[in-house]
2 protein chains.
Amino acid sequence: MESSGQRRTTIKDVAEAAGVGVATVSRVLSGGSASAGARERVLAAAARLDYHPSALGRNLRRRRTGGVGLLVPDITDSFYARLADGVLSCARSYGEPVTVGVTGDDPERESELIGTLIEQSMDRVIAVPSGDGDVWDPVLRAGVNVVFAGRRADPDVPDVPAVLADDRDGVRTAMEYLTGLGHRKIAFLARRGQSQRVAAFTGALAALGVPVEDDLVVHARASRDSAYAAAAGLLQRHPDVTAVLAGGNILGEAAVLAARELDVRVPRDVSLIMFDDVPWAELCSPPLTVIAQPAQDIGYRSAELVLRQGRRPREVVLPSELVVRASCGPRRPRR
Amino acid sequence: MESSGQRRTTIKDVAEAAGVGVATVSRVLSGGSASAGARERVLAAAARLDYHPSALGRNLRRRRTGGVGLLVPDITDSFYARLADGVLSCARSYGEPVTVGVTGDDPERESELIGTLIEQSMDRVIAVPSGDGDVWDPVLRAGVNVVFAGRRADPDVPDVPAVLADDRDGVRTAMEYLTGLGHRKIAFLARRGQSQRVAAFTGALAALGVPVEDDLVVHARASRDSAYAAAAGLLQRHPDVTAVLAGGNILGEAAVLAARELDVRVPRDVSLIMFDDVPWAELCSPPLTVIAQPAQDIGYRSAELVLRQGRRPREVVLPSELVVRASCGPRRPRR
DNA sequence: AAATATGCTGGAATCGTTTCCATGGAGAGC
DNA sequence: GCTCTCCATGGAAACGATTCCAGCATATTT
């Protein structure tokens, strides 16, 4: 472990070995202009000494850290894991390292992590925003390139591009499907911060002429426990509900478990549609009908937006898709 | 976007505002000794100017990047996602940023990512090693603090501590369970690089007096496609197999899908045990019996090892646990 | 009271790179 | 043949922190 005496080979060593000045070495290595002879000798010396330029020195001089920061609520959630995978995959093709932070959907942790990022002089950040948009003001004023992925900040932050899935369309399709099966009492099991989707839900129902009942929208926090409690509470307190839309895969999982525990059969007693297609949706019993989200694409496109300089569109909307499996059936009154 | 004129407040500004030298400011802010008066004025000035020290300057001087690097094969795989979550959670309590890289279990990508890490002067790395151990030699020689998580490198690298789950014990318990149910023809659906688990598998069977057949160990690459192909191939080519052990959750998922597709009923026709407990194991039909892996703990302990200086044990082994659900039954000859 | 010990203090060096700028030589145009 | 232009070149100045070291004031000891 102790590397006493081991000194990192610097640009100075290369310059000396090649018989040129440090400026020339720097130019050759970063694509500047140099004579053929000099270029050749520098390259040879660099290879011989196994020289790797230090990102530290470069970053300090350039006054910015390379790489991009990524803030997600929960890396354990398949949706965010796939989103992160998309970001990582794009960043890799640019050779940029990615620093990941988990916010737990907690505004306080989020602003704490933002603090770390600006301390690191990260100037490019992709975030699934948790708290209100104000925390982003100092970041933007510091000239950081921010892109929101998957959702917008709640009091919206202008000038920040966002890459989103088409929730509105996904929900509309799902509601048409459910009402087509005869359902009228449809509940939405939402996570806090899904105001976007809640709006799409009530909007879609209203457009279909179905009365919207406010207390059929129940909210849970981000944890599995909270999701289960909300799902069980919903099924118990509202025996007249015949269909449930779960706002994410954690909530869908909770709904399946709660239904099983309470002896509510799917789809006989209640129909279930879940946001986000995950590998296990097909393995579940019954296989779950889902609104598939292009999580990986969202991540990839966000990374592209943040890494590729040039004009940036204010919003990119990617399509959602209803994948019909076996968790929905015709309406039958429960009990 | 343009922050013209906006200059970052530096330690020099604080020194000037507080009427002291930069050295004193640095000492106050990093816990060195200073007089009460000076300390107070520095703190006041720093707060007034909203001064945040630049990690860039600090790191250059210290000749090391703060933070830790994390290399996993696939962040989309629940096991590695939970492992990463453990690392992130521990790192957060130390205030250290984490840079994540995805190797895809590809030695070439792995060594490429290692290159990026040493270029960043990352001096602490947690990795689930993919390639052979040799790629780590230059890293270790550079004085980087490496910890392996989840598995060891294949030609083992000495001096690198590892945090592992007790595969041997988990497999032994699982094999005792299956043989107790009467199974003799037991197959292992493995991912490449699981030599550790394969050894545990053959070892456990031998100890139980069950003949080990080499071609009942089938190998897949890391992708879902490859896993499915391997699972389907196994079930088709070996109709005499009555029990399958899947080496990971992707492989287990593939086994369930393949069995369903081929009309092989679980557990009537074949019993199935999967490595790694995932949330959907319980939702699956039938609920899967699994060897639970403490993925989150593995990550947390690895991070602790790499972040806390002091003597480091060569190996930490965490317990696996057999969770019995409903995917195993008594042996019945298929067909 | 003199000598020594202690401890706070700020200037300056350092980390490894990029980039500005002055210099010098060579080729081109007249 | 002279000047003008152009380009390659290397020295030196940043970037923003930490830390060594010498200086000086104050406390302690004899």
Side-chain angles (χ1 to χ4, degrees), chain A residues 3 5-43 45-46 49-67 116 118-123 142-143, chain B residues 3 6-43 45-46 49-67 95 116 118-123 142-143:
Chain A
S3 57
Q6 280 278 20
R7 207 177 54 80
R8 194 190 172 102
T9 67
T10 76
I11 198 174
K12 219 167 173 177
D13 302 324
V14 177
E16 205 164 326
V20 299
V22 291
T24 302
V25 176
S26 175
R27 270 185 297 249
V28 168
L29 263 33
S30 47
S33 67
S35 71
R39 157 162 289 117
E40 195 179 336
R41 272 180 303 156
V42 167
L43 256 29
L49 298 177
D50 187 35
Y51 169 66
H52 294 270
S54 153
L56 257 40
R58 182 194 355 256
N59 290 342
L60 176 57
R61 178 60 224 246
R62 294 222 181 120
R63 314 176 67 167
R64 38 164 291 218
T65 298
T116 310
I118 66 170
E119 184 172 321
Q120 303 286 324
S121 304
M122 282 269 163
D123 62 345
Chain B
S3 59
Q6 280 277 20
R7 207 177 54 79
R8 193 190 173 104
T9 66
T10 75
I11 198 174
K12 218 166 171 178
D13 302 324
V14 177
E16 205 164 327
V20 298
V22 290
T24 302
V25 176
S26 175
R27 271 184 297 249
V28 168
L29 262 35
S30 46
S33 67
S35 70
R39 155 161 291 118
E40 194 177 336
R41 272 180 303 157
V42 167
L43 257 28
L49 297 177
D50 188 34
Y51 169 67
H52 294 271
S54 154
L56 256 40
R58 187 200 344 263
N59 290 341
L60 178 57
R61 177 60 223 246
R62 293 222 181 119
R63 317 176 66 167
R64 36 166 291 219
T65 299
T116 310
I118 68 169
E119 184 172 321
Q120 304 286 324
S121 305
M122 283 268 163
D123 63 343

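Just so it is clear: chains get the letters A, B, ... in the order the sequence lines come, proteins before strands, and each one is counted from 1.
Considering all non-hydrogen atoms of both residues, A:Asp123 and A:Arg64 come closest at OD2-NE, 3.1 Å. Here the closest non-hydrogen pair linking A:Thr10 and A:Tyr51 is C-CE1, 3.6 Å. Heavy-atom minimum distance, A:Pro53 versus B:Glu119: O-CG, 3.5 Å.
Under 4.0 angstrom from either OP1 or OP2 of D:dA17 there lies at least one side-chain N or O belonging to B:Tyr51. Proximity of A:Thr24 to the phosphate of D:dG10: a side-chain N or O atom is located under 4.0 Å from OP1 or OP2. Proximity of A:Ser54 to the phosphate of C:dG16: no side-chain N or O atom is located under 4.0 Å from OP1 or OP2. Under 4.0 angstrom from either OP1 or OP2 of C:dT9 there lies at least one side-chain N or O belonging to B:Ser35. Using a 4.0 Å cut-off, some side-chain N or O of B:Arg63 falls inside it from OP1 or OP2 of C:dG16.
Here A:Ala38 lies in heavy-atom contact (under 4.0 Å) with sugar-phosphate atoms only. Note on B:Ser33: only backbone sugar-phosphate atoms sit closer than 4.0 angstrom, heavy atoms only; bases stay farther off. Residue contacts shown for A:Leu56 are absent, as no nucleic acid heavy atom lies under 4.0 Å away.
Between the side chain of A:Arg27 and the base of D:dG10 there is at least one donor-acceptor pair of N/O atoms closer than 3.5 Å. Between the side chain of B:Arg61 and the base of D:dT18 there is at least one donor-acceptor pair of N/O atoms closer than 3.5 Å. A donor and an acceptor atom never sit less than 3.5 Å apart when one is taken from the side chain of B:Arg58 and the other from the base of D:dT18.
With DNA chain C read from its 5' end, the first of the two nearest nucleotides for B:Gly57 and B:Gly21 is the one closest to B:Gly21. The nearest heavy atom of DNA chain C to A:Arg62 and to B:Gly19 marks one nucleotide each, and the one closer to the 5' end goes with B:Gly19.
Two residues are said to be in side-chain contact when any heavy atoms from C-beta on lie closer than 4.5 Å; B:Asp50 and B:Thr9 fail this criterion.
Spacing between atom CZ of A:Arg41 and atom P of D:dA8 amounts to 14 Å, rounded to whole angstrom units. Atom CZ of A:Arg64 and atom C1' of D:dA17 are 20 Å apart (whole Å). Note: CD1 (B:Ile11) to C1' (D:dA14) measures 17 Å, nearest angstrom. Between A:His52 atom NE2 and C:dG16 atom P the separation is 15 Å, expressed in whole Å. Distance CD (A:Glu16) to P (D:dG10): 13 Å, rounded to an integer number of Å. As rounded to whole Å, 14 Å separates atom C1' of D:dT9 from atom CZ of A:Arg39. As a whole-Å value, the separation of B:Leu60 CG from D:dT19 P is 13 Å. A straight line from CD1 of B:Ile118 to P of C:dG16 spans 15 Å, rounded to a whole angstrom.
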Ignoring hydrogens and angles, write down the donor-acceptor pairs under 3.5 Å from the side chains of residues 16-35 of chain A, residues two or more places apart or on other chains.
| from | atom 1 | to | atom 2 | distance (Å) |
| --- | --- | --- | --- | --- |
| A:Ser30 | OG | A:Ser26 | O | 2.6 |
| A:Ser35 | OG | A:Ala38 | N | 3.3 |

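With distances taken from any side-chain atom of B:Ala34 to the nucleotides C:dG16, C:dT9, D:dG11, the minimum falls on C:dT9. Of all nucleotides listed (D:dT18, D:dA17, C:dT9), D:dT18 comes nearest to the side chain of B:Ser26.
Between the A:Arg8 side chain and the B:Ala142 main chain, no donor and acceptor come within less than 3.5 Å of each other.
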